[in-house]
Amino acid sequence: MSNYDRNTSFGAHVARKATAEIDQGLRAYMLGVYNYMTLGLGVTGLVALGAQMLAVTHDAAGRLALTPFGQAIYTSPLRWVIIFAPLGFVFFLSARANTISAATARTLFLVFAGLIGLSMSFLLMVYTGGSVARVFFITAAAFGGLSIYGYTTQRSLSAMGSFLIMGVWGLVIAGVVNIFLQSSSLQFGLSILCVLIFSGLTAWDTQSIKDEYVSSDGYELAQKKSIFGALRLYLDFINMFQSLLYLFGD
């Protein structure tokens, strides 16, 4: 009986130690995901600000005017490449996820973040700097709360995943159509739906990224998972931010 108790105690100790190691590894893994996401947002912000500064000047009367660079990215056919290039990048990254190295994935993610920044630079011409900053912090607070919920909840969110993905495809199609229709009422409705859908996706993606963690993964695979997880959360944040800015920006 004494030997049985000692063996049981030893087994429980090993189980607790293994659980602690998994928890520590999971925290490090998720921290890497959030760090990559933050880096991507930083690149997007810097590129957007730099592009806006290069695109805008003042004429002799003090009025805003576009520089040749601004005319190229905002009024020439090049603007269509800038608009649709990020979407093509997402498809490319998804298709090559299993074949590219972690270093290549990291580089492509940062290039993608830069393209998003270039395409979003016009927002700094449309909205005031104060409202952009205000909506950014609102988005950050909402995103943080939703991501924490997705990380900590014991309830499986997988059931709503396919529904949300279908909603994203609907948003993409309707958004492309509205580029040509220029309907403000449709854009208003799409913005509300976008906030709701990507709010749900933030929680679902966080839980999904957490569930994908495997403690036995090697460094290379763990890094790739972190980068692609960061890409998913980055897209959730960016889409929430743009929609909230349309709804509440000045």
Side-chain angles (χ1 to χ4, degrees), residues 36-37 40-41 43-45 47-48 51 73-74 77-98 100 105 108-123 126-127 132 135-136 138-139 142-143 146-147 150 157-209 227-249:
Y36 278 127
M37 174 198 157
L41 291 175
V43 170
T44 297
V47 171
I73 64 173
Y74 296 144
L78 180 62
R79 74 185 188 276
W80 298 111
V81 177
I82 295 172
I83 289 172
F84 290 108
L87 185 60
F89 238 81
V90 169
F91 287 127
F92 176 79
L93 283 171
S94 299
R96 300 293 300 276
N98 295 324
I100 60 177
L108 291 175
F109 172 57
L110 295 179
V111 171
F112 172 77
L115 285 173
I116 293 289
L118 189 62
S119 66
M120 289 179 62
S121 62
F122 80 96
L123 296 176
V126 177
Y127 297 98
V132 170
V135 171
F136 177 85
I138 292 172
T139 307
F143 177 91
L146 291 162
S147 191
L157 304 178
S158 58
M160 68 179 188
S162 57
F163 174 77
L164 292 171
I165 294 299
M166 287 190 295
V168 171
W169 280 110
L171 287 174
V172 170
I173 294 170
V176 170
V177 170
N178 201 43
I179 289 176
F180 303 99
L181 294 181
Q182 295 293 309
S183 170
S184 58
S185 57
L186 177 57
Q187 183 60 50
F188 182 81
L190 289 176
S191 296
I192 294 175
L193 285 174
C194 190
V195 171
L196 295 175
I197 290 172
F198 282 98
S199 293
L201 277 174
T202 297
W204 178 68
D205 279 334
T206 301
Q207 186 179 78
S208 177
I209 293 166
I227 295 165
F228 282 101
L231 174 62
R232 291 163 65 180
L233 294 180
Y234 169 90
L235 289 171
D236 295 337
F237 187 100
I238 287 294
N239 281 283
M240 285 177 61
F241 170 73
Q242 290 189 88
S243 299
L244 288 171
L245 187 62
Y246 181 86
L247 294 172
F248 302 113

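What you see is a predicted model; the values in this text were computed from it and never measured. Residues: numbered from 1 along the sequence shown.
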Margin query: Return the OG1 to CZ distance between T202 and R232, rounded to the nearest 0.5 Å.
Written below: 11.0 Å

Item checked: Spacing of CD1 belonging to I192 relative to CD1 belonging to I197, to within rounding of 0.5 Å -> 12.0 Å

Next item on the list: Hey, could you give me the OH/CG distance between Y234 and N239, rounded to the nearest 0.5 Å?
Entry: 9.5 Å

Notebook entry, point to check: Does the pair S191 and V195 meet the rule for a side-chain contact (heavy atoms from CB on, under 4.5 Å), with working shown?
Noted result: CA-CA 6 Å; S191 296; V195 171; 5.7 Å; no

Item checked: Step-by-step ring pair (Phe, Tyr, Trp, His ring centres under 6.0 Å) determination, F237 to F136 -> CA-CA 9 Å; F237 187 100; F136 177 85; 5.5 Å; yes

Next item on the list: Could you please spell out the steps behind the ring pair (Phe, Tyr, Trp, His ring centres under 6.0 Å) verdict for W80 and Y74?
Entry: CA-CA 9 Å; W80 298 111; Y74 296 144; over 10 Å; no

Checklist line | M120 side, atom CE; I82 side, atom CD1 - distance, nearest 0.5 Å | finding: 14.0 Å

Notebook entry, point to check: Looking at CZ of F112 and CZ of F92, how far apart are the two atoms once the value is rounded to the nearest 0.5 Å?
Noted result: 13.0 Å

Check: L201 and I165: side-chain contact (heavy atoms from CB on, under 4.5 Å), yes or no, with the steps?
Finding: CA-CA 8 Å; L201 277 174; I165 294 299; 4.2 Å; yes

Check: Side-chain contact, heavy-atom cut-off 4.5 Å: L171 with F198?
Finding: yes

Margin query: One pair to check against side-chain contact (heavy atoms from CB on, under 4.5 Å): M240 and C194. What are the steps and the verdict?
Written below: CA-CA 7 Å; M240 285 177 61; C194 190; over 6 Å; no

Checklist line | Ring center gap for F163 and W169 short of 6.0 angstrom | finding: no

Next item on the list: For residues G114 and V43, report the shortest heavy-atom separation together with the two atoms involved.
Entry: N-CG1, 3.8 Å

Check: Taking all non-hydrogen atoms of both residues, which atom of M37 and which atom of L233 are closest, and how far apart?
Finding: SD-CB, 3.8 Å

Note to self: Any heavy-atom pair between the side chains of V132 and L123 that's under 4.5 Å?
What the structure shows: no

Next item on the list: Determine, using ring centers only, whether F109 and F228 are less than 6.0 Å apart.
Entry: no

Next item on the list: Give, for atom CG of L190 and atom OG of S243, the distance between the pair rounded to the nearest 0.5 Å.
Entry: 8.5 Å

Notebook entry, point to check: So, R79 versus S119: side-chain donor-acceptor pair below 3.5 Å or not?
Noted result: no

Notebook entry, point to check: What is the ring orientation for Y246 with F188, classed by angle as parallel under 30°, tilted 30 to 60°, or perpendicular over 60°?
Noted result: tilted

Check: If every non-hydrogen atom of G200 is compared with every non-hydrogen atom of L164, which pair is closest and at what distance?
Finding: C-CD1, 3.6 Å

Margin query: Between W204 and I209, does the side-chain contact (heavy atoms from CB on, under 4.5 Å) criterion hold? Intermediate values first, please.
Written below: CA-CA 9 Å; W204 178 68; I209 293 166; over 6 Å; no

Note to self: Under a plain distance cut-off of 3.5 Å, with no hydrogens placed, do S147 and T206 share a side-chain donor-acceptor pair?
What the structure shows: yes

Margin query: Taking side-chain contact (heavy atoms from CB on, under 4.5 Å) as the criterion, tell me which of L244, I238, L245 meets it with Q242.
Written below: I238

Notebook entry, point to check: Shortest non-hydrogen contact from I73 to S121?
Noted result: CD1-OG, 4.3 Å

Item checked: Shortest non-hydrogen contact from I116 toward P86 -> CD1-CB, 3.5 Å

